[in-house]
Every structure is written in C-alpha cells, then in structure tokens.
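The sequence lines fix the lettering, A, B, ..., with proteins before strands; numbering per chain opens at 1. The analysis underlying the following values was restricted to heavy atoms, covering all of them including side chains, and did not include hydrogens, waters or symmetry mates.
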Number of protein chains: 2
Amino acid sequence: MLFSKACIYGIRATFYVSLYQGKREFIPINEISDALGISFHFLTKILQKLTRNSIMISYRGPKGGITLARAPEDISILEIIKAIDGEESLNSCILGLPGCGTERPCPLHDEWGPKRDALYQIFANTTLKNINEKFLIENFRISWKDNGGSTH
Amino acid sequence: MLFSKACIYGIRATFYVSLYQGKREFIPINEISDALGISFHFLTKILQKLTRNSIMISYRGPKGGITLARAPEDISILEIIKAIDGEESLNSCILGLPGCGTERPCPLHDEWGPKRDALYQIFANTTLKNINEKFLIENFRISWKDNGGSTH
DNA sequence: GATATTTAAGACAAATTTGTCTTAAATATG
DNA sequence: CATATTTAAGACAAATTTGTCTTAAATATC
Ligand code: SF4
Ligand code: SF4
C-alpha cells in the first residue's frame, strides 16, 4: 500500500466534497462518512488535517460541515497526500535502500527513479477540477463504499 | 510506503545473499542481519517466508545458513515481494476506490493504470541476475545499513 | 435564552506491524 | 557422544495505525 488508509479516506472524502463545489455550502462530515462507509470520528480527525493545511474550511453548528478552502483548480491530489501522509510518502523510495540516490544508485534506481517521478507528477498535476471534469464527462457513478474491491 | 519493512528487509537480504551466489555455500543469517543492521530474529522470520516459497534454501548447524534455491536468473524481485507482502500489494490500486476498475474507472485510472502496470513489469522482469550484473558493472558499493536515508 | 446540530480535541481501545526473547531441532566437528 | 553453531517456531512486547467514545465549543433556529 502506497498510502495509508487515512490518506485514501481523505482523498475519497475530498472527491466527494468537490463534487458539490458551487452547489452546496458546507457538507456535514456525517453525510460523507455515511456515503463512504467510514467511521465518522476517524474521518473527522483525518479531515482536520486538511483544514489545518488550508485545503478545507470547516464550520460548526447547524448547516455546518466542510468545504474546499480554494477553487478546485488550485487543489492538487499531491497536497492532500502531503497533508495526511506527509512529505516523505512520495519522495522516499519503494525499496528505501539507505544512503543511495542518483549519485549512488542501487540496481533498480535507473528503472524506478523515472517511474516514481512520473507518479509524483500525476499527483502534482491532477487537480480537483480535473477530477470533477472526469466525473462529469464520463458520467461516473462510483460506489463509494467498499463492495468487494477493485477489478483491474 | 509501497512495501512493508519486512518486504524491504527481505529484498535487501536477498540482494546480499545473491552477491555470494557461486562463491560461498550457505550464508548465516546473523552475518546478514549484522551487515544490514536488522534484528536477527526478525530477519529470520522474514527469510522463513522465502524458504517456504522455494526462493531460498536453509540449512541448520555449523556452516549452515541460507542460499538461493534457484539460479539468480530464475528469481524475480516480484517473487520476493509476493512471498512477503502477498499478491495484493502490487495488484491493488494506490487509491483503492472500491468497486472500480477498467470498466468503471475512477478519474485517476487512465493515468495510474499504465504506471502501475509498468511498475509491476519492472519487478516481474528484474531478476537477481540482473541485479548482480548491475552491482558488478557499476562497481556498486552499497551501504547496507541505514545512514540517513536516500538522496534523490 | 434553550435546544439541536455540528466540528474540535483528546482519551481510549483494537488491530496490525515490528521487534525481542526463549526453547527446540538439526548438523558439523572433535 | 559432547559441544558449539545455526535455523525453526512460537510466545511475548513495543510501536504504529486504525477505530471508538466522550466531552467541549461554536452556531443556527426557535
Ligand atoms: S538507489 Fe534509487 S531505487 Fe535504489 S533504493 Fe535508492 S532511491 Fe530506491
Ligand atoms: S479506477 Fe483504477 S485508479 Fe481508480 S481507484 Fe480503481 S483501480 Fe485505482
């Protein structure tokens, strides 16, 4: 698993929220946790990392909830990942051989390095606006809750 | 982290052993754990997964230790990963959105799918022989022990 | 102001991963 | 056969991640 469960939940929740951007004000967390089948309190703690990192804004009380802090085109997947799993999760190597790097590559570096960089660029360049467009264009109906896993 | 620590340790240990292939009989695990700076007993348990999966052969007693079960060109990195972290670690998606897949892609699938497949192929196609050649050709001197992390 | 709704915060518990230790079994050597 | 070496196996502990619960604070509505 490249990302922690917390990170995946955070990404899913952000996708969910971003679908309502411009249509509703604040989305209550319990609605999200219900839709995604995630523990409400666990999700709350995850989302707090996003509000602390100015990715989301939260509002308490009736009609409260969370919403994006910025325009969807200004929020990348990478930001979410960094806010939840930290900087290292994508910078560090899959093998993590110590003391290595470009000037002292391990036997896999030539192959892995470019792949890792490409992966990083995907997350850096994909914004929530891109995601929303994909959702709309492809008329995507995701089953947010776990239901047997992905088929590849 | 794509792989568990156990998996990374297993890969490092296998690299270490394969460097002596054809030169020494069995490599004692305590030598490996010393060289790699890993707990001896923890490494022993990890390596047992490799012996159970016919990747390594172990031998008890003086002059005992472990060695590769097959020729280096017949052992891929992928096998090691599967033996330790299981099949799913590379088949499952980084995001793990449920119920999705090629026929029901999430907004990242078009980008992530090919990357994941390419990654899979690297590990499937890279054998210990490839690794050894790299080590020799590049006259690689790895510092097996952690010493501050990779520089990228 | 009273009440219901909703996030914030933190204590706590469960599960998983990582790491340690002890004992047993196998084997080479003298 | 006695001894030292080395893996096997499994109990146990520590650390981390995941998940639950309780209380407090903010806010809309009546
Ligand atoms: S040399 Fe590169 S591929 Fe190899 S372990 Fe280090 S960062 Fe990873
Ligand atoms: S559709 Fe593809 S990329 Fe998206 S979550 Fe599923 S497997 Fe992953």
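Not counting sequence neighbours, A:T51 has no partner by the side-chain hydrogen bond (donor to acceptor under 3.5 Å, both in side chains) test. Residues passing the side chain to side chain contact (heavy atoms under 4.5 Å, CB included) test with A:A71 are A:E73, A:D74, sequence neighbours excluded. Take B:E31 and apply the salt bridge (Lys or Arg N to Asp or Glu O under 4.0 Å) test, not counting sequence neighbours, and it matches B:R24. By the salt bridge (Lys or Arg N to Asp or Glu O under 4.0 Å) test, B:E79 is found to be paired with B:R70, residues two or more places apart in sequence or in another chain being considered. Listed by chain and residue number, nothing satisfies the ring-ring contact (aromatic ring centres under 6.0 Å, His included) test with B:F40 (two or more places apart in sequence, or in another chain). Partners of B:T126 according to the side-chain hydrogen bond (donor to acceptor under 3.5 Å, both in side chains) rule, which considers only residues two or more places apart in sequence or in another chain, do not exist here. Under the side-chain hydrogen bond (donor to acceptor under 3.5 Å, both in side chains) criterion, A:K82 pairs with A:E87, A:Y120, not counting sequence neighbours.
Within the structure, the ring-ring contact (aromatic ring centres under 6.0 Å, His included) test picks out the following pairs touching residues 47-76 of chain A (sequence neighbours left out): A:F26-A:Y59. Counting only residues at least two apart or on different chains, no salt bridge (Lys or Arg N to Asp or Glu O under 4.0 Å) pair has a member in residues 45-64 of chain A.
Ranked by how close their nearest DNA chain C nucleotide is to the 5' end, B:A6 and A:P62 are led by A:P62. Each of A:G61 and A:H41 was assigned the nucleotide of DNA chain C with the nearest heavy atom; the assignment lying further toward the 5' end belongs to A:G61. With the nearest nucleotide of DNA chain D identified for both A:K63 and B:N30, B:N30 has the one nearer the 5' end.
One N or O on the side chain of A:N130 and one on the backbone of A:T127 form a donor-acceptor pair closer than 3.5 Å.
Within residues 42-49 of chain B, the residues having any heavy atom closer than 4.0 Å to DNA chain D are, in order of number, B:K45, B:Q48.
Residue-level contact check: B:F40 touches the bases, meaning some heavy atom is under 4.0 Å from a base atom.
Running 5' to 3' along DNA chain C, contacts with non-hydrogen atoms of chain A at under 4.0 Å begin and end at C:dA4 to C:dA11.
With the 3.5 Å cutoff on both pairing distances, Watson-Crick and G-U pairs in DNA chain C assemble into runs of at least 3 at C:1-30 with D:1-30.
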